[in-house]
Amino acid sequence: LSLCALAVSALDLGCHSVCEQLEMEKQGLVATRKRVQVPLSKRPSDWIFIVFYFIFFWTTALTDYHNVLSFFKGVPIADLDKLDLEWPPKWVTQAYVSWGRTVDPVTIDNPLFWQVMEWTNVFYLTPMNLVGMYCFIKGRNWFKNHGIIHARLYLHVLPLHLHWLHSLWRYPILPTQSLSSAFTFS
């Protein structure tokens, strides 16, 4: 075995250093670690991650999708509720457009920083939310590296959301508006 393969093997085993592996190889021994599948019922803290991935999957698949869809359809986001779309459901599109018209105009204006965030959400985070949910349900460990990338992308989105909060000062919500007015469909 090469030194690189031994290092990867040592990281995978987690119990033997590279030097110990070399010594064991000289003696003809093979270090192995049996992977034990721990049932989900014995991993209650994993439910936090499963719920997180479930919520964010539906958030990205239902709402963030509008920004990408408007690009492909060649229409402004404000006009998406007039189209007959296969996905997302009509009521979701109406709620999204109504929310943008009455409460959060940034979602309708679709500035560049918002587009970057939404495209990242739709094309990377949506599938990774499904994969993450699957891995935590089944107890798969191979998601660790992808999970680090996934978490890093959420950290990438955080400054964009802070910019969005700053933009709310540019688009103030009128005192006469309430959350209930955001969901009136016209």
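Below, each value reflects all heavy atoms present in this structure, side chains not excepted, and no hydrogens, waters or symmetry copies. Only a predicted model underlies this, so the values are computations on that prediction, with no experimental measurement involved. We're numbering straight along the sequence, starting at 1.
Pro89 has its side chain within reach of Val92: a pair of non-hydrogen atoms, C-beta onward, lies under 4.5 Å apart. Between Glu118 and Thr63, every side-chain heavy-atom pair lies at or beyond the 4.5 Å cut-off. At least one side-chain heavy atom of Ser70 sits under 4.5 Å from a side-chain heavy atom of Asn110. Two residues are said to be in side-chain contact when any heavy atoms from C-beta on lie closer than 4.5 Å; Ile149 and Tyr124 meet this criterion. The shortest distance between side-chain heavy atoms of Phe71 and Asn67 does not fall below 4.5 Å.
The two residues Gly132 and Phe143 come nearest to each other via the heavy atoms CA-CZ, 3.6 Å.
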* To do: Report the C-alpha distance between Thr93 and Tyr65 in whole Å, list the side-chain angles of each, state the deciding distance to 0.1 Å, and finish with yes or no for side-chain contact (heavy atoms from CB on, under 4.5 Å).
  => CA-CA 10 Å; Thr93 302; Tyr65 183 71; over 6 Å; no

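Between the side chains of Asp64 and Tyr96, no donor-acceptor pair is found at a separation under 3.5 Å.
Interatomic distance, Asp79 CG to Asp81 CG, rounded to the nearest 0.5 Å: 7.5 Å. Distance check, rounded to the nearest 0.5 Å: CD of Gln94 to NZ of Lys82 gives 11.5 Å. Between the NE2 atom of His66 and the CG atom of Leu80 there is a distance of 6.0 Å, given to the nearest 0.5 Å.
Residues passing the side-chain contact (heavy atoms from CB on, under 4.5 Å) test with Lys73 are Leu69, Val75, Leu83, Leu85, sequence neighbours excluded. When the side-chain contact (heavy atoms from CB on, under 4.5 Å) test is applied to Pro127, no partner is found at least two apart in sequence or on another chain.
Using a distance-only test at 3.5 Å, with no hydrogens or angles considered, a donor-acceptor pair links the side chain of Arg43 to the main chain of Phe136. In this structure a side-chain-to-backbone donor-acceptor pair under 3.5 Å is present from Trp87 to Ala61. In this structure, Asp104 contributes its side chain and Gly100 its backbone to no donor-acceptor pair below 3.5 Å.
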Let me check something: any side-chain donor-acceptor pairs from residues 49-60 under 3.5 Å, sequence neighbours excluded? List them with distances.
{"from": "Thr59", "atom 1": "OG1", "to": "Ile55", "atom 2": "O", "distance (Å)": "2.8"}
{"from": "Thr60", "atom 1": "OG1", "to": "Phe56", "atom 2": "O", "distance (Å)": "2.9"}
{"from": "Thr60", "atom 1": "OG1", "to": "Phe57", "atom 2": "O", "distance (Å)": "3.0"}
{"from": "Thr60", "atom 1": "OG1", "to": "Thr126", "atom 2": "OG1", "distance (Å)": "2.7"}

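Ile137 and Ile48 sit in two unconnected hydrophobic clusters of ILVMFWY residues. Membership requires side-chain heavy atoms under 4.5 Å apart, directly or through other members.
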